[in-house]
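Below you'll find the structure, written out as structure tokens, and then a few comments.
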Number of protein chains: 2
Amino acid sequence: MAYLEVGTRGQGAVAARGGAPVCASVATSFSDFGGKAVHYDTHAVIYYEGDPAKRLYELVRGSVMLYKLLPDGRRQVVEVLQTGDIFGLANGDENDCTAETLTDATVQEVDLRHVEQSNDLQRTLARCLSNQMRGLHEHAVLLGRKSALERVASFLMHLVPDRGGIDCAGPADPDNDSYDLRLFMTRQEIADYLGLTIETVSRVISDLKRRGVIRVDKADRIHLNRVCSLCQMTGMH
Amino acid sequence: MAYLEVGTRGQGAVAARGGAPVCASVATSFSDFGGKAVHYDTHAVIYYEGDPAKRLYELVRGSVMLYKLLPDGRRQVVEVLQTGDIFGLANGDENDCTAETLTDATVQEVDLRHVEQSNDLQRTLARCLSNQMRGLHEHAVLLGRKSALERVASFLMHLVPDRGGIDCAGPADPDNDSYDLRLFMTRQEIADYLGLTIETVSRVISDLKRRGVIRVDKADRIHLNRVCSLCQMTGMH
DNA sequence: CGACAGCTTGATCGGAATCAACTTTAGTGG
DNA sequence: CCACTAAAGTTGATTCCGATCAAGCTGTCG
């Protein structure tokens, strides 16, 4: 439970321009507003909880998690960010979370003063934040009301595109409702995201394996045999 | 656990203009941008999860909670809104939560199309959302990592102004570190907010009473004898 | 006064945490 | 390439906190 490792700060090269990420269906991206694209290594800390907030960040490539620590070392991962998500926005002047990469990542960084002045940036910001807010609401349900099995099932379903939502398409091929996915998080990170212990996460995964719902090729390579079955276990059906 | 009561829709009178609420330190308020102020009774549903999102709401007076239900009736209260908070913003076209008043409340309602067009509204929006986001992050820590006692202690501390934060002032009078507060939520609502059962909330409150940390005058009137002692129990020290 | 909703308290149960080995994988250097 | 080591993951035994089940209590309103 005690998690007191101090991540190494990844100081990457400054690229001329990031990709062309979009936040939801917003055409405007951070890269259109100046700032600089910065590359971070895996498990690099972009900033620490409590650091003065100087910039706004947009995830352009890769994966980043935000987490908070309690003084005794308990950790809660509060968000796992997707491409296009915005972070570093702390009302007040201190970051409320630590931001750490899960993979190599490219981040577009814009000075906060610059953000203040741009109507377009404010608009993009509002769009992205309300999007992220929905994710946080759903995560609160997971943390507050779901069983360990439901949490892990929900977590895995989130990694399957176009499935599990209200607008779930159902299996593309009714005879082969399978999907291969790669986990970019360790068991510890998953546990801290789902509000469980590493042992419980491991046990639930083994249980899903035993039931034939998934196949674990390597610890981070998981084959979902029946996406629909897994979806039934999320507590949302 | 099953919570399938359907709230009565409160249809209040339309006032000419709301108060002068501010979101954090933002000067602009919704009432400056047209729309209408609507009054709702206690326990009135403003909108349901899944309803088409047509307007943006700003809480001007009173208290509102947002919650989500699982199909089997499990409920999670995801936010308890304060004056100045904004809600009803669903990316996509459906509300992701149900909004229900905890008290009589006045709400400033603005058409979403109107919001799209106003730079000032977008700016206010971004400000408020990032503020609410911080609250959601802290709540995720509570739900994912805190014990029942820590949850209840954290909940009560949130109701004491200027205490418990990083910038906690400490007791104004060192000889009298007490505070009187009124709960606007039933035990069930508190339980659903804290991810606990009604019995556990009740037991923790009784335990705090036994320990002399609080005094319960009526179920919804609580006197904190020693704010600092309570704060020590939040898990954040 | 009686009825009902909200709250409290007690007894018991169960799911996830904890504690402790053990296994597997990845990384290092001879 | 393989031996060694460290880190990550799995599995088992046990404990414990909070859920569940079941009464009883309290305050409010007709």
Side-chain angles (χ1 to χ4, degrees), chain A residues 1-5 7-8 42-43 70 72-76 102 142-153 155 182-211 214-222 233 235, chain B residues 1-5 7-8 42-43 70 72-76 102 142-153 155 182-211 214-222 233 235:
Chain A
M1 180 59 63
Y3 185 91
L4 298 167
E5 175 208 326
T8 41
T42 306
H43 288 109
L70 290 174
D72 62 2
R74 282 176 286 178
R75 180 172 75 154
Q76 179 64 46
L102 290 168
L142 181 147
L143 293 174
R145 292 300 180 206
K146 290 191 180 181
S147 69
L149 175 61
E150 289 170 334
R151 292 180 201 208
V152 173
F155 173 72
R182 166 97 185 274
L183 297 178
F184 291 101
M185 300 169 82
T186 65
R187 295 287 186 273
Q188 184 65 64
E189 286 157 353
I190 295 169
D192 287 346
Y193 183 47
L194 302 181
L196 299 170
T197 59
I198 189 172
E199 293 97 329
T200 299
V201 171
S202 185
R203 265 184 257 273
V204 170
I205 289 176
S206 295
D207 190 47
L208 288 172
K209 208 160 46 175
R210 225 169 292 121
R211 295 208 232 171
I214 67 173
R215 191 183 66 228
V216 180
D217 296 327
K218 282 200 336 177
D220 65 338
R221 296 279 184 181
I222 294 186
M233 298 174 176
Chain B
M1 178 62 61
Y3 184 91
L4 298 167
E5 174 207 328
T8 42
T42 306
H43 289 111
L70 289 174
D72 62 3
R74 282 176 287 179
R75 180 172 77 154
Q76 180 63 46
L102 290 168
L142 181 146
L143 293 174
R145 291 300 182 208
K146 289 191 179 180
S147 69
L149 174 62
E150 289 170 335
R151 293 180 200 207
V152 173
F155 173 71
R182 166 96 185 274
L183 298 178
F184 291 102
M185 299 168 80
T186 65
R187 295 288 186 269
Q188 184 65 64
E189 285 157 356
I190 295 169
D192 287 346
Y193 183 47
L194 301 181
L196 299 171
T197 58
I198 189 173
E199 294 96 331
T200 298
V201 170
S202 185
R203 266 185 257 275
V204 170
I205 289 176
S206 295
D207 189 46
L208 288 171
K209 208 162 43 176
R210 225 169 294 123
R211 295 208 231 170
I214 66 174
R215 191 183 67 228
V216 181
D217 297 327
K218 283 200 337 179
D220 66 337
R221 297 280 185 181
I222 294 187
M233 299 175 177

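Here the structure is a predicted model, which is why all the values come from computation and not from measurement. Naming convention: chains lettered A, B, ... in sequence-line order (proteins, then strands); numbering from 1 in each chain.
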Report, as a single string ordered 5' to 3', how protein heavy atoms within less than 4.0 Å touch nucleotides 6-11 of chain C: B base, S sugar-phosphate only, - not at all. -SBBBB

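- Axis angle between the ends of the helix from C:dC1-D:dG30 to C:dG30-D:dC1, five pairs each and rounded to 10 degrees, works out to 40°.
- When the P atom of C:dG15 is taken as reference, atom CG of A:Leu194 falls 19 Å away, rounded to whole Å.
- The NZ-P distance, from B:Lys146 to C:dA17, rounds to 18 Å in whole Å.
- In this view, B:Asp207 and B:Arg210, B:Arg211 satisfy the salt bridge (charged side-chain N to carboxylate O under 4.0 Å, His left out) rule, not counting sequence neighbours.
- Remark: P of D:dG27 and CG of B:Asp220 are 12 Å apart, rounded to the nearest angstrom.
- Scored by the side-chain hydrogen bond (donor to acceptor under 3.5 Å, both in side chains) test, A:Thr200 finds A:Thr197 as partners (sequence neighbours excluded).
- Contact annotation: A:Thr197 does not reach the phosphate of C:dA16 (side-chain N/O to OP1 or OP2, under 4.0 Å).
- As rounded to whole Å, 13 Å separates atom C1' of D:dT10 from atom CD1 of A:Ile214.
- When rounded to the nearest whole Å, the span between CZ of A:Arg145 and P of D:dG18 equals 13 Å.
- The interatomic distance linking A:Arg221 (CZ) with D:dG9 (P) rounds to 14 Å, in whole Å.
- With sequence neighbours left out, the side chain to side chain contact (heavy atoms under 4.5 Å, CB included) criterion links A:Leu102 to A:Ser63, A:Met65, A:Val80, A:Met185, A:Glu189.
- Between A:Leu208 atom CG and D:dT11 atom P there is a gap of 12 Å when expressed in whole angstrom units.
- Atom CD in B:Gln76 sits 9.5 Å away from atom OH in B:Tyr193 (nearest 0.5 Å).
- A distance of 5.0 Å separates CD1 in B:Ile198 from CD in B:Gln188, rounded to the nearest 0.5 Å.
- How far NZ of A:Lys146 is from CG of B:Leu143: 13.5 Å, rounded to the nearest 0.5 Å.
- The side chain of B:Lys218 places an N or O atom within less than 4.0 Å of a non-bridging phosphate oxygen (OP1 or OP2) of D:dT28.
- The pair B:Arg145-A:Asp192 counts as a salt bridge, with a side-chain nitrogen and a carboxylate oxygen less than 4.0 angstrom apart.
- Straight-line distance from the CG atom of A:Asp217 to the C1' atom of D:dT10: 17 Å, rounded to whole Å.
- When A:Val201, A:Leu183, A:Leu142 are each tested for a side-chain contact (heavy atoms from CB on, under 4.5 Å) with A:Phe155, only one passes: A:Leu183.
- For A:Arg221, there are no salt bridge (charged side-chain N to carboxylate O under 4.0 Å, His left out) partners at least two apart in sequence or on another chain.
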